[in-house]
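See structure below.
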Amino acid sequence: MVAITLPDGSVREFDGSVTGQQLAESIGPGLAKAAVLVNVNGEEWDLTRPITTDTEVSIITRDAPEALELLRHDCAHVLAQAVQELFPGTQITFGPSTENGFYYDFHREEPFSTDDFDAIEKKMKEIVDRDDAIVREVWDRDDAVAYFKEQGESFKAEWVGELPEGEDLTIYRQGDNWLDLCRGPHLPSTGKLGKAFKLMKLAGAYWRGDASNPQLQRIYGTCWRTEKELKAYLTQLEEAEKRDHRKLGREMDLFHMQEEAMGSIFWHPKGWALYRSVEAYMRKRLDAAGYHEVKTPQLVDRKLWEASGHWDKFRESMFIAEVDEIDEREQDRKMLALKPMNCPCHVQIFKQGITSYRDLPYRMAEFGSCHRYEPHGALHGLMRVRGFTQDDAHIFCTEDQIVSETEIFCDLLKSVYKDFGFEEIMVKFSDRPEKRAGTDETWDKAEKALIEATEAAGLPYTLNPGEGAFYGPKLEFVLRDAIGRDWQCGTLQVDFVLPERLDAHFVAEDGDKHRPVMLHRAILGSFERFLGILIEQFAGKFPLWMSPTQVTVATITDAAQDYAVEVADLLKKAGLRVETDLRNEKINYKVREHSMKKVPLIFVVGGREAEERTVAIRRLGGKAQEILSLDEALKKVAEEAKMPS
RNA sequence: GCCGCGGUAGCUCAGGGGUAGAGCACGUCAUUGGUAAUGACGGGGCCGGCGGUUCAAUUCCGCCCCGCGGCACCA
């Protein structure tokens, strides 16, 4: 007898053993049909796997969140089977589920093409129609290695061969003779998968994620419970595409890029206005938070980079300038590098006279223009560039000040993100890596301080074990945008190493020289990337305070021209970014054009307004007009356009 | 850097071994209007670059460059 306890507390008894499927059938035919998995004592099991001991079991149906992951994983297997049926000789490797679907990595001499997708999808649907049974089998490791070798599956054989000896592993048999090593669980048969899937992309991927390994061909797909969900997802992708900052950047005339300056941005007047708003806002916040803004050199001799350790570690990704002069030490041409970071330069300023413990914590900020020679394939619009500006700052403090400084920083960061409309913030905490500098005691102290401060700031965090920088633990701040995508922007890193390497010190209360700790921190990360995120966050419809053009004054007839110019001048005097549209066009045409350019406010002026000294305000996205006297309008708009503080 | 796909007018894209196409944008003229497209006419192209095949290449082939999607990288 085996006694199964269900989530409602009821107990059902069976002779000998029972499978999840049988259990579901015993409860009702509807449940039996909807069931895809069982949760046995917290573990996900196949429906067909016999349960032999008394235990707690819940049945997972197709609409549960866990089911979606299962469907996607199964879909990856069906893809693999379809590909092998269509393209014999193709080797299978791995195929997990992903956030919106799945992928499978294949090895095949000939490249796949997206033109093959139709045929593969057709074959996949055929496999679903065949409703092949999916059977879990437990194999001996060596038998599995032998099997995959015999099948010519060298990648799979390599992987299985590295599993611990003597350990049983699970093989899933899909149909009569298609096998894959897999932890499972899986659906009982391919028919349960349904057909709400679609192959999306083709890409290269390295075997085991290592660039020195052979490259595999990865096929990406998306998979959902129903056709309706699939369609909704595809629509959402189209939405995201419409917000693409590269597309909006062109349409709204914000910036462009070109070959001659790959990875660097040409900011156009509109884009630069946007940039300047964000910069002015940040400057105001940093000033208020007690930061001292500085500006340090772009080009710095290699000597400093050697001292900081960058020359050793990052020489390949630094832009080097050689000059026609001999370096006295190297007997070689003198070399300077465009700074890839600001920290070594900030230490130089620190060393020029911040000598007392009374000066600490010292918060040194710079909108630091940096250059890194990023790999060609990594470049991506504003998001990954070679020339960028960090909202960088370094806080020089004592170890005792780490907690309070972190806490103050977290509050500032939260408040800044909120002003940009990001309310959902997550933190990743990365602790000591294998290879590190500094003593264990110092690490203990730093890690404890960081955790403590994060908790005090009320931010939820996840652990990222072993992912800290070699010089100290770090926090990474991730924000979620309007359409649910996550972006890592802010960071705070504790550094014991650089002050040492560059010999920074202060005089403490005891009269002795001490090393300061450096906290590297950024809120936006880089202006370029953050602006890219903002463009997508707002889909180009920026809040009034940062909008490139805040008001367009548009005339209805030529008779209102003088008045329109007067209105625009007054708006400019009130500190607004204003344009006029005096063209000989119909007001419909003008309204449409400025609306499409995403100008937040259109002031429409015709004969009536000129006569009465009023303006008709039309807000972006709205249909109503608001008629105000010129004085009222100026006051109101100037107030609305104030940046948050 | 690696894999796959692309590159035709300012933008979006069609075409295809023999004078290069559309829509939008742009310009000129007419129209002076009341809140998301007034009409007519017009100018625009080394069909990414270099080589090859061919009587003839934007079209076919090779190499390179750039873009896009991933992978790897991201102090």
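As the structure is a computational prediction, the values presented were derived from the model and not from experiment. Below, read A as the first sequence line, B as the second, and so on, with proteins coming before strands; counting in each chain starts at 1.
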Closest approach to the side chain of A:E259, judged atom by atom: which nucleotide of B:rU35, B:rC66, B:rA75 is it? B:rC66

Charged N-O contact under 4.0 Å between A:R363 and A:E405: yes

Work out how far the P atom of B:rC63 is from that of B:rC47, and round it to whole angstrom. 22 Å

Would you mind telling me which residue lines up with the more 5' stretch of RNA chain B, A:G607 or A:A203, judged by nearest nucleotide? A:G607

Would you say the base of B:rG70 and the side-chain of A:Y206 have a donor-acceptor pair closer than 3.5 Å? no

In terms of the nearest nucleotide of RNA chain B, which residue is placed more toward the 5' end: A:I602 or A:Y220? A:I602

Under 4.0 Å between a Lys/Arg side-chain N and an Asp/Glu carboxylate O for A:E476 and A:K474? yes

Can you tell me if A:T552 and A:E579 form a side-chain donor-acceptor pair at under 3.5 Å? no

What nucleotide among B:rU35, B:rA75, B:rG4 has an atom nearest to a side-chain atom of A:V604? B:rU35

In terms of side-chain geometry, is the basic nitrogen of A:E593 or A:R583 positioned less than 4.0 Å from the acidic oxygen of its partner? yes

Determine, for A:R372 against A:E316, whether the closest basic-nitrogen to carboxylate-oxygen distance falls under 4.0 angstrom. no

Among B:rC74, B:rU38, B:rC71, which is the nearest nucleotide to the side chain of A:Y589? B:rU38

A:R386: partners by side-chain contact (heavy atoms from CB on, under 4.5 Å), with sequence neighbours left out: A:M262, A:F319, A:Y373, A:E374, A:H376, A:L379

Contiguous pairing runs of three or more, Watson-Crick or G-U under 3.5 Å, that involve RNA chain B: B:1-7 with B:65-71, B:10-13 with B:21-24, B:26-30 with B:38-42, B:48-52 with B:60-64

Check whether any side-chain N or O of A:R246 sits under 4.0 Å from OP1 or OP2 of B:rG69, and answer yes or no. yes

Using the P atom as the point on both nucleotides, what is the distance between B:rG69 and B:rU53, in whole Å? 38 Å

Measure from the side-chain N and O atoms of A:S547 to the backbone N and O of A:Q550, and report whether any donor-acceptor pair falls under 3.5 Å. no

Do A:R302 and A:E306 sit within salt-bridge range, that is, some charged N less than 4.0 Å from a carboxylate O? yes

Any salt bridge between A:D486 and A:R480, counting N to O under 4.0 Å? yes

May I ask you to decide whether A:R72 forms a salt bridge with A:E99, counting only side-chain N to carboxylate O separations under 4.0 Å? no

A:N588, nearest nucleotide to its side chain (from B:rG33, B:rA75, B:rA36): B:rA36

Is there, by distance only and without an angle test, a donor paired with an acceptor across the side chain of A:R618 and the base of B:rA36 below 3.5 Å? yes

Expressed in whole Å, how much space separates the P atoms belonging to B:rG52 and B:rC68? 32 Å

C1' atom, B:rU59 versus B:rG45: distance in rounded Å? 16 Å

Taking donor-acceptor contacts at under 3.5 Å, does the side chain of A:R384 reach the base of B:rC74? yes

What integer number of Å spans the P atoms of B:rG6 and B:rG48? 14 Å

Contact check, residues 549-567 of chain A vs RNA chain B, heavy-atom distance under 4.0 Å, returns A:I556, A:T557, A:D558

